[in-house]
Amino acid sequence: AVVSTQSTGAKIKARELRGKSKDELLKQLNDFKQELSTLRVAKVTGGAASKLSKICLVRKSIARVLTVINQTQKENLRKLFKGKKHKPKDLRPKKTRALRRMF
């Protein structure tokens, strides 16, 4: 039985993550977090150098998954509020304080 295709140490690409659903992304996030905890245990118990160097890769992969989740969430919110009179402040254009005061 195949445990996980990602635990080989191959770096995941954000492009591949964007096609997945939110459930798949959350499942992958849990897998990475699980892997990170086992690697940290290996670090404490004096594991191999290859495992120690993998910690960095797994942390970056977790960050990629979270970034894709947040970006898709924000994109969906933008679609939801498109054409409405009022938008949440974080969806408004940043610009500068002076320009925002002009409106």
Side-chain angles (χ1 to χ4, degrees):
V2 177
V3 180
S4 173
T5 55
Q6 270 348 101
S7 64
T8 56
K11 214 164 65 162
I12 53 159
K13 300 226 174 0
R15 199 180 326 130
E16 297 166 10
L17 290 174
R18 289 187 201 288
K20 296 187 175 184
S21 68
K22 189 169 183 183
D23 293 332
E24 290 174 322
L25 288 173
L26 289 174
K27 185 181 177 301
Q28 195 155 30
L29 183 66
N30 285 334
D31 291 344
F32 280 132
K33 285 187 175 179
Q34 195 77 41
E35 189 177 352
L36 185 62
S37 65
T38 56
L39 287 172
R40 285 195 172 138
V41 168
K43 179 182 173 185
V44 172
T45 57
S50 60
K51 283 193 172 181
L52 297 182
S53 62
K54 230 174 119 181
I55 290 177
C56 183
L57 283 174
V58 175
R59 286 181 63 214
K60 300 283 186 202
S61 299
I62 289 173
R64 275 190 198 93
V65 172
L66 284 172
T67 301
V68 169
I69 289 173
N70 288 333
Q71 282 178 345
T72 51
Q73 203 170 25
K74 198 123 181 179
E75 195 180 321
N76 291 335
L77 278 173
R78 282 186 202 282
K79 285 178 188 170
L80 182 70
F81 283 98
K82 192 169 175 90
K84 298 250 170 76
K85 186 173 181 185
H86 298 293
K87 284 183 187 172
K89 289 204 169 153
D90 59 336
L91 295 181
R92 296 176 193 172
K94 180 94 169 104
K95 303 206 174 176
T96 61
R97 190 166 187 268
L99 278 173
R100 288 196 306 266
R101 295 295 172 270
M102 270 202 262
F103 299 123

_From CG (Asp31) to CG (Leu36), nearest 0.5 Å_ = 12.5 Å
*Are more than 12 heavy atoms from other residues, nucleotides or ligands located less than 6.0 Å from atom CZ of Arg59?*
no
*Who pairs with Lys51 by salt bridge (Lys or Arg N to Asp or Glu O under 4.0 Å), at least two apart in sequence or on another chain?*
none
_Value rounded to 0.5 Å, distance of NE2 in His86 from CG in Leu91_ = 14.0 Å
*Can you list the steps and then say if Arg100 with Thr96 is a side-chain contact (heavy atoms from CB on, under 4.5 Å)?*
CA-CA 6 Å; Arg100 288 196 306 266; Thr96 61; 5.9 Å; no
*With sequence neighbours excluded, residues passing side-chain contact (heavy atoms from CB on, under 4.5 Å) with Ser50*: Ala48
*Roughly how far, to the nearest 0.5 Å, is CD1 of Ile69 from CD of Gln28?*
9.5 Å
*Is there side-chain contact between Leu77 and Lys87, with at least one heavy-atom pair below 4.5 Å?*
no
*Do Ile12 and Val65 come close enough that some side-chain heavy atom pair is under 4.5 Å?*
yes
*Could you tell me which residues satisfy side-chain contact (heavy atoms from CB on, under 4.5 Å) with Pro93, sequence neighbours excluded, listed by chain and number?*
Lys95
*asked:* Nearest 0.5 angstrom please: Glu35 CD to Leu57 CG, how far?
replied: 9.5 Å
*Which residues satisfy the side-chain contact (heavy atoms from CB on, under 4.5 Å) test with Arg15, sequence neighbours excluded?*
Lys13
*What pairs meet the side-chain hydrogen bond (donor to acceptor under 3.5 Å, both in side chains) rule with one or both residues in residues 63-82, with sequence neighbours excluded?*
Arg18-Gln71
*Can you tell me how far the CD atom of Gln34 sits from the CG atom of Leu39, to the nearest 0.5 Å?*
11.0 Å
*By side-chain contact (heavy atoms from CB on, under 4.5 Å), which residues pair with Leu66, not counting sequence neighbours?*
Leu29, Ile62
*Using modelled atom types only, decide if a donor and an acceptor are shared between the side chain of Lys84 and the backbone of Leu80 within a distance under 3.5 Å.*
yes
*Which atoms form the tightest heavy-atom contact between Phe32 and Val58, and what is the distance?*
O-CG1, 3.4 Å
*Do Asp23 and Lys27 meet the salt-bridge criterion of a basic N to acidic O distance under 4.0 Å?*
no
